[in-house]
Amino acid sequence: MSIDLSLHSSSVGPALLGAVVHGPNGSGRIVEVEAYGGTEDAASHACRGVTPRTEPMFGPPGVLYVYFIYGMYHCANVVTGPAGDGQAVLIRAIEPNEVTEAMRTARPTIRRDEDLTNGPGKLCAALGIDRSHDGLNLLHTDSSVRLVIDEPVAPAEIETSTRIGISVAQERPWRWYLRDNAWVSKPR
DNA sequence: CCGCCGATCTTT
DNA sequence: AAGATCGGCGGG
């Protein structure tokens, strides 16, 4: 591993661009992320401290935090920072290494390949990630969901913006994505 | 308990 | 622009 996941999520976030996520249905490189802080970040699930749902967020860096949202979708996060802090990086979009039949079966109604994984709920559905994977170690080679961090992308390729879909702490510029990448999520 | 609403996506 | 769909969390 070439980056230190125990650093703050706002440092780890951009460093995770280009890393490869492997799930039950396939794999892809991360092209878009958002950082969430611990209890001091009002937009983070960790802002109210440890609850049954957020307990994995307060584990050691490298843990997977999967939450269920809008009654329908799952979102996947990489826990960062020191254990006990509750920081995480939301994986918002990936570019598949290869579009597999399992990914197409998991998202049968898409019109273009990009719609398989160009959003946090979409990529979890495509890769087959759900709450059963919550809390596992992303760095362990035996895990059914894992993270392979190779070379970082060139800083010149990285674009920054504010976070999407939140109603508080909207000013923090904690979203990063690869410029001109077709798999980055589309504005609503 | 009860009610609100969310780190979303699809359809109209 | 609104609907789908449900669990987590706060308030009473």
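Every chain is numbered from 1, with letters handed out A, B, ... down the list of sequences. Keep in mind that what you see is a predicted model, and the values were worked out from it rather than measured.
Side-chain contact between A:Arg92 and A:Ile164: present, with at least one pair of heavy atoms (C-beta onward) separated by less than 4.5 Å. Using a 4.5 Å cut-off on side-chain heavy atoms (C-beta onward), A:His74 and A:Ile129 make no contact. Here the side chains of A:Leu123 and A:Val21 are not in contact, with every heavy-atom distance at 4.5 Å or above.
Of the candidate nucleotides B:dA7, C:dC9, C:dT5, C:dT5 has the atom lying nearest to any side-chain atom of A:Met72. The A:Thr51 side chain lies nearest to C:dC9 when the options are C:dG8, B:dA7, C:dC9. Side-chain proximity of A:Met57 to the nucleotides B:dA7, C:dC6, C:dG10 is greatest for B:dA7. In this structure, the nucleotide among C:dC9, C:dA4, B:dC9 sitting nearest to the side chain of A:Lys122 is B:dC9.
In terms of heavy-atom proximity, A:Cys75 sits nearest to A:Gly121 at SG-N, 4.3 Å.
Where stacking is scored as ring centres under 5.5 Å apart with planes under 30°, A:Tyr70 does not register as stacked on the base of C:dA4.
Put simply, CD on A:Glu34 is 12 Å from C1' on B:dT8, counting in whole angstrom units. One interatomic measurement links the two molecules: OH of A:Tyr73 to P of C:dA4, which rounds to 12 Å at whole-angstrom precision. When rounded to the nearest whole Å, the span between OH of A:Tyr36 and C1' of B:dA7 equals 4 Å.
In terms of position along DNA chain B, the nucleotide closest to A:Ser167 lies nearer the 5' end than the nucleotide closest to the other residue of the pair A:Ser167 and A:Ile110.
A:Arg163 comes within contact range of no nucleotide atom at all, as no heavy-atom separation falls under 4.0 Å. Within 4.0 Å of A:Arg111, counting heavy atoms only, lies no atom of the nucleic acid at all. Nucleic acid contact for A:Leu90: base, since at least one base atom lies under 4.0 Å from a heavy atom of the residue. Among the atoms of the strands shown, base atoms are found under 4.0 Å from some heavy atom of A:Gly71.
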Kindly express the pairing pattern of DNA chain B in dot-bracket notation, using | wherever a base pairs with another strand and counting only Watson-Crick or G-U pairs under 3.5 Å. ||.|||.||||.
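With respect to the salt-bridge test (charged N to carboxylate O, under 4.0 angstrom), the residues A:Glu34 and A:Arg163 do not qualify.
Shown are A:Asp4, A:Leu7, A:Val79; of these, the side chain to side chain contact (heavy atoms under 4.5 Å, CB included) with A:Val12 is made only by A:Leu7.
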